[in-house]
Amino acid sequence: MTKFPRAACSLACLVLLAQAPVQPVLAQDADAPAAPSALLADTQAPWLYKNSDVPHDKAWHFGELPNGLKYAVRKNGVPPGQVSIRIRVDAGSLYETDSERGYAHLLEHMLFRQSKYLAEGTAIAAFQRLGATFGSDTNAQTTTTQTVFQLDLPNATPASLDETFKLMSGMVTAPTLSAANLKKDLPIVLAEMRERGGAAKRVQNAMQEVFYAGQPLSEREPIGTVASLTAATQQSVRAFYSRWYRPDNVAVIVAGDADPAMLESYVRKWFGDWQASGPKPQAPSFGDPVAPKGTDPKNPVGETRVLVEPDLPPSLMVAILRPWRQVDDTIVYNQGLMIDSIAQAVINRRLETKARAGGSFLSASVNQDDVSRSADATFISVTPLGDDWKAALHDVRAVIADALTRPPTQEEIDREAAELDVAFQVPVEQQRILPGSKLADDLVNALDIRETVAAPDDVLNIFRSSKPLFTPEAVLEHTRKLFSGTVERALFTVQAPGKATDAELHLALAEPVKPDQSIRMAAEAGPVSFDKLPAVGTPAEPVADIPTGLLDIEELAFANGVKVLLWPVQEEPGRVMVKVRFGGGYRSIDPKDAPYIALGQYALIGSGLATLGQEDLDRVATGRKMGFNFDVQDANFELSAETRPQDLADQLYLFAAKLDLPRWDVNPFLRAKAAAKIQYDTYATSPQGVLNRDLQFYQRGKDMRFATPTPAEIEKTTPEGFKRVWSKALSQGPVEVQIFGDFDKAAAIKALEKTFGALKPRIPAPSTSELTEVTVPKPSNTPVVLHHHGDPDQAAAVISWPTGGGSVGIRESRQLEILTQLFTNRLLDAVREKLGVSYAPYVFSTWPVDLQEGGSITAMAQLDPKSVPVFFQTADEIAQDLIAHPPTADELERVTEPLRQQVTRAASSTSFFMSQLEGATSDPSRIGSVRSVLSDYTVTTPEKMQQLAARYLGQNNSWRLEVMPEGDTTSVAAR
């Protein structure tokens, strides 16, 4: 059954119609009965539930073909017209021999290269013609224990489904696997390996080597090794394929908007003739964690290692390991997992409370996980503050020791149970809008961990009926089991030699600690009552309520200047999206105050509101679905949350009180300051990290507000400065509120009157025309050269063409998306498929709707340093060809059809309309532009694309940036 609460994705049953007034169309209910037809699967006992008393999820139909292939199909109408297909092979990197390391992942690539029904290199184009986007709708992944091929087919028809099953069956059952295929895919896999290298990868490798010493997992990364991959031959790859790619080792999972009997018929048609050769091989042993000889069984501290990584923050990870054993997935077993979850949540809340109070560690947590069917592990993670790592480890262990010594209070248990209850209840409320892709992925995950799935109602019922089991004594018993094991191991990443030794780390783990009882919650610390919180102001009714003319969306206006967009939608049960835009965003912050922007994103919410501090904010959300996301945008700030109808009024209070009744606790600011300083050096560990740190800064003409502040700049900030900058930002208007989803309009308006209607009139932030001029980089063929501290074979290259901004040009910005997709396809073909110098090059377009300029078309890739000039040359050639020659009709359709499907699926959610209508209360043109969104993204001509390319992609319009390894002082211009 589900180990952890499922986070439900939300899709409403609304379809955007092109070239016509937008009207909601109710999709077929995901739980509606299938058309009357026989399902052979229903004549067999569900194979997933062998030895399990967990209630069967009756929406799934399970079957097995005579050749041993297992399958599961179900009807699901979210999003409308989509069918999600997963083909799972029960073989990953742990199934490889020493000489085959990386073969499972290599095969994943080669199956896309060429197969029975797909000519060499045509898979991406074939699926694009079916409307599936490469990388999102069409993908695959290889882990240590499985390989999964994924396709979300939009606009599924009997013909397109038949073609899709045909193509995917050919990939899995009859790939070509030629020497020529191997020669073409090997450079791509090696490029992927290179991009995954660096400091983070070294830490990951060290963690596996230490934690799983003596087990295959310690050295079995899916990516493999250079030696084993370069030694691969057609024969050796085919041998691995023949051993594990066989029908009795494969499961086909299908969930979507189609008759289950029809889906089953495709499985039988295209996989029924697949025959295995010889008996099924036995899966290899993954081994057990074993303590070193002579280890004290009462305190089994084993291997410890200190790893020096100058650019990574100090990080200490401890693993308490037990052998993994397959279990019968019963109700009793799942009740035990629930108690485990409560035990961990109690400790984590105590650790977070101690960290918030200031002390020896920035953060710490515990987490149990079954790792790759190799170990049942409890992990302890600690980020020390300062150089006294021993104190940080001691303090964390002392909190855990207290949890091992005395049971928690019933109040603590009830609080965590209330959190779990709402997490289990939300999928019940939203089960009609659970997307098929999520349901298919859940079943794939259940197969991988050898467990079952259950319907949301059954999960909730089992949980609620189990609450009498959640006693202090039971939680104490489970806590003790979680922190006992066969062996305890640790890895400590430090920034400089001499900070610690392996022996010192071993000794620190072995020494006894006294329980720390100071952080236990007081028994009387219950939920905060909203009734006792101060009022925002004097309630006021709206002065206007007018229809927008788009769907049933209405606009309210209050006398204080607040405007609200309301859209009650019954087709999204249990889900309400709330968004509040206010103030002036980046452009309203004085450049000299730029470091406070990053600190606000870390600490503004945690600084509290009204009489609520951080701990109070946590308590007020106990047993509720409430959020408090904060984002800084070009010309406004944004608060957002997903909530439920019963929690909407209090969610609105939290947002309104943040604006008018802010609180300025100093500890969140100090913690954010420490975190920002620690994080800064991590950006330099890889080319991508440097781009994350600096690209926006350069794209915005070196505007300091878009720079990542250095530790020295962060150090100069003060609590007084933080309050000065953010109290001004919170006090500025205009304020726009959006409420979309399942709510009662009258109740929502009443809640708005007490919250946003009661706000004091606000001083408008400077308009975008009054703000500091938007600067863009000057065109240049001489690259900006930045450096990273990572592996010497890693580099990145960026070429960017400035475009524009503003809502007036929004239709052109959508056409630019078509152009960038054309560019991406050509770049992928040239740089990845033909040259093999980059794993995932891509092109993207930005267009700031709230500013009149500042947009760009940007092409980028990670590659080896010597290939940087190749990238620039290739990108220039593609740009010039797009200017000189219009794309072919087929090339254009391979882009517009996937875009059509993406927009249509996105428009089945109210969140899509919410994002499109941001700022519409001050710029009504955005309402009208929604009507043309589908045609803007899909209706064009080759000549239009050529004209856009000529307008923006000229040789004298671009600027370049490259990220090279430290010590490489040459640039493209000099090479």
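- Closest approach of L186 and T230 over heavy atoms only: CD2-CA, 4.1 Å.
- Residue M207 holds its CE atom at 6.5 Å from OG1 of T493, rounded to the nearest 0.5 Å.
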Which is it for S838 and E195 under the side-chain contact (heavy atoms from CB on, under 4.5 Å) test, yes or no, and what are the steps along the way? CA-CA 8 Å; S838 178; E195 291 183 17; 3.6 Å; yes

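- Separation of atoms CG (L507) and NZ (K390) is listed at 7.0 Å; rounding is to 0.5 Å.
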Working for side-chain contact (heavy atoms from CB on, under 4.5 Å), residues L307 and V203 = CA-CA 8 Å; L307 179 68; V203 172; 3.8 Å; yes

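- At least one donor-acceptor pair closer than 3.5 Å links the side chain of E108 to the backbone N or O of T142.
- Expressed to the nearest 0.5 Å, how far CG of L505 lies from CG of L491 amounts to 8.0 Å.
- R960 places no side-chain N or O within donor-acceptor distance of the main-chain N or O of P783, the cut-off being under 3.5 Å.
- The existence of a salt bridge linking R489 and E303 is confirmed by a sub-4.0 Å separation between a basic side-chain nitrogen and an acidic carboxylate oxygen.
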Audit row: V306, D502, side-chain contact (heavy atoms from CB on, under 4.5 Å) steps and yes/no
CA-CA 5 Å; V306 175; D502 296 354; 3.6 Å; yes

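- Put simply, the side chain of L362 reaches to within 4.5 Å of the side chain of R671, judged on heavy atoms.
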| said: For F483 and I347: C-alpha separation, side-chain torsions, deciding distance, then whether side-chain contact (heavy atoms from CB on, under 4.5 Å) applies. | reply: CA-CA 12 Å; F483 290 92; I347 295 174; 3.6 Å; yes

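- Side chain of R194 to main chain of Q794: no donor-acceptor pair is present (N/O by atom type, distance under 3.5 Å, no hydrogens or angles).
- At a threshold of 4.5 Å between non-hydrogen side-chain atoms, the residues E219 and R101 count as touching.
- Judged purely by atom type and a 3.5 angstrom limit, K673 uses its side chain to pair as donor or acceptor with the backbone of E715.
- The side-chain heavy atoms of L351 and V366, taken from C-beta on, include a pair separated by under 4.5 Å.
- Contact check for R700 versus Y586: no side-chain heavy atoms found under the 4.5 Å cut-off.
- Using modelled atom types, one finds no donor on one side chain facing an acceptor on the other under 3.5 Å when comparing Q344 with D340.
- Remark: K499 NZ is loosely packed, at most 12 non-hydrogen atoms of other residues, nucleotides or ligands lying under 6.0 Å away.
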Practice task
Assess whether ring-ring contact (aromatic ring centres under 6.0 Å, His included) is satisfied between W726 and F669, documenting all intermediate values.
Solution key: CA-CA 12 Å; W726 284 107; F669 166 77; over 10 Å; no

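- For D448 and T145, the side-chain atoms include at least one donor-acceptor pair closer than 3.5 Å.
- In this structure, R305 contributes its side chain and V210 its backbone to no donor-acceptor pair below 3.5 Å.
- Pairing each heavy atom of S867 with each of D864, the nearest pair is OG-OD1, 2.7 Å.
- Without hydrogens or angle criteria, R832 side chain to I188 main chain gives no donor-acceptor distance under 3.5 Å.
- The aromatic rings of Y839 and H109 are tilted relative to each other, their planes meeting at an angle between 30° and 60°.
- A pairwise comparison of heavy atoms in T383 and P314 identifies CG2-O, 3.6 Å as the closest pair.
- Using a 4.5 Å cut-off on side-chain heavy atoms (C-beta onward), N367 and S381 make no contact.
- Open room surrounds CG on D387; 12 or fewer heavy atoms of other groups in view lie less than 6.0 Å from it.
- Using a distance-only test at 3.5 Å, with no hydrogens or angles considered, no donor-acceptor pair links the side chain of D369 to the main chain of A377.
- With 3.5 Å as the limit, one finds a donor-acceptor pair spanning the side chains of R322 and T378.
- Side chain of T685 to main chain of G790: no donor-acceptor pair is present (N/O by atom type, distance under 3.5 Å, no hydrogens or angles).
- At least one side-chain heavy atom of E511 sits less than 4.5 Å from a side-chain heavy atom of R397.
- Minimum interatomic distance between L312 and A199 (heavy atoms only, all atoms of both residues): CD1-CB, 3.8 Å.
- There is a side-chain donor-acceptor pair under 3.5 Å between D370 and Q368.
- Contact annotation: the side chain of P965 approaches that of P865 to within less than 4.5 Å [non-hydrogen atoms, C-beta and beyond].
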TODO: Any chance you could lay out the salt bridge (charged side-chain N to carboxylate O under 4.0 Å, His left out) test for K201 and D791, step after step, and finish with the verdict?
DONE: CA-CA 10 Å; K201 184 61 178 174; D791 294 344; over 6 Å; no

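- S372 OG to Y212 OH: the interatomic distance, rounded to the nearest 0.5 Å, is 7.0 Å.
- Atom OG1 of T710 is separated from atom CZ of R693 by 10.5 Å, given to the nearest 0.5 angstrom.
- In this structure a side-chain-to-backbone donor-acceptor pair under 3.5 Å is present from S93 to R220.
- Proximity of a side-chain donor or acceptor of D616 to a complementary backbone N or O of G613 within less than 3.5 Å is detected.
- Between Q215 and S374, the side chains place no donor N or O within less than 3.5 Å of an acceptor N or O (distance only, hydrogens not considered).
- Surrounding NZ of K723 are at most 12 heavy atoms belonging to other residues, nucleotides or ligands under 6.0 Å away.
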Table please: side-chain donor-acceptor pairs of residues 595-604 below 3.5 Å, with sequence neighbours left out.
residue	atom	partner	partner atom	Å
Y596	OH	T718	N	3.0
Y602	OH	Q679	OE1	2.1

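- Using a 4.0 Å cut-off between charged side-chain N and carboxylate O, K298 and D296 make no salt bridge.
- Using a 4.5 Å cut-off on side-chain heavy atoms (C-beta onward), R373 and L94 make no contact.
- Distance OG1/T858 to CD/Q699: 4.0 Å, rounded to 0.5 Å.
- Contact record, I678 with T682: O-CG2, 4.1 Å, taken as the closest heavy-atom pair.
- Ion pairing between a basic and an acidic side chain is recognised when a charged N comes within 4.0 Å of a carboxylate O; D618 and R356 show such pairing.
- Across all non-hydrogen atoms, the minimal contact from T479 to A403 is CG2-O, 3.8 Å.
- In this structure, E477 pairs ionically with K481, as a charged nitrogen and a carboxylate oxygen lie closer than 4.0 Å.
- A salt bridge links D288 and R325; the closest N-O separation between the charged side-chain nitrogens and carboxylate oxygens is under 4.0 Å.
- Salt-bridge annotation for E416 and R350: absent, with no side-chain N of the basic residue lying under 4.0 Å from a carboxylate O of the acidic one.
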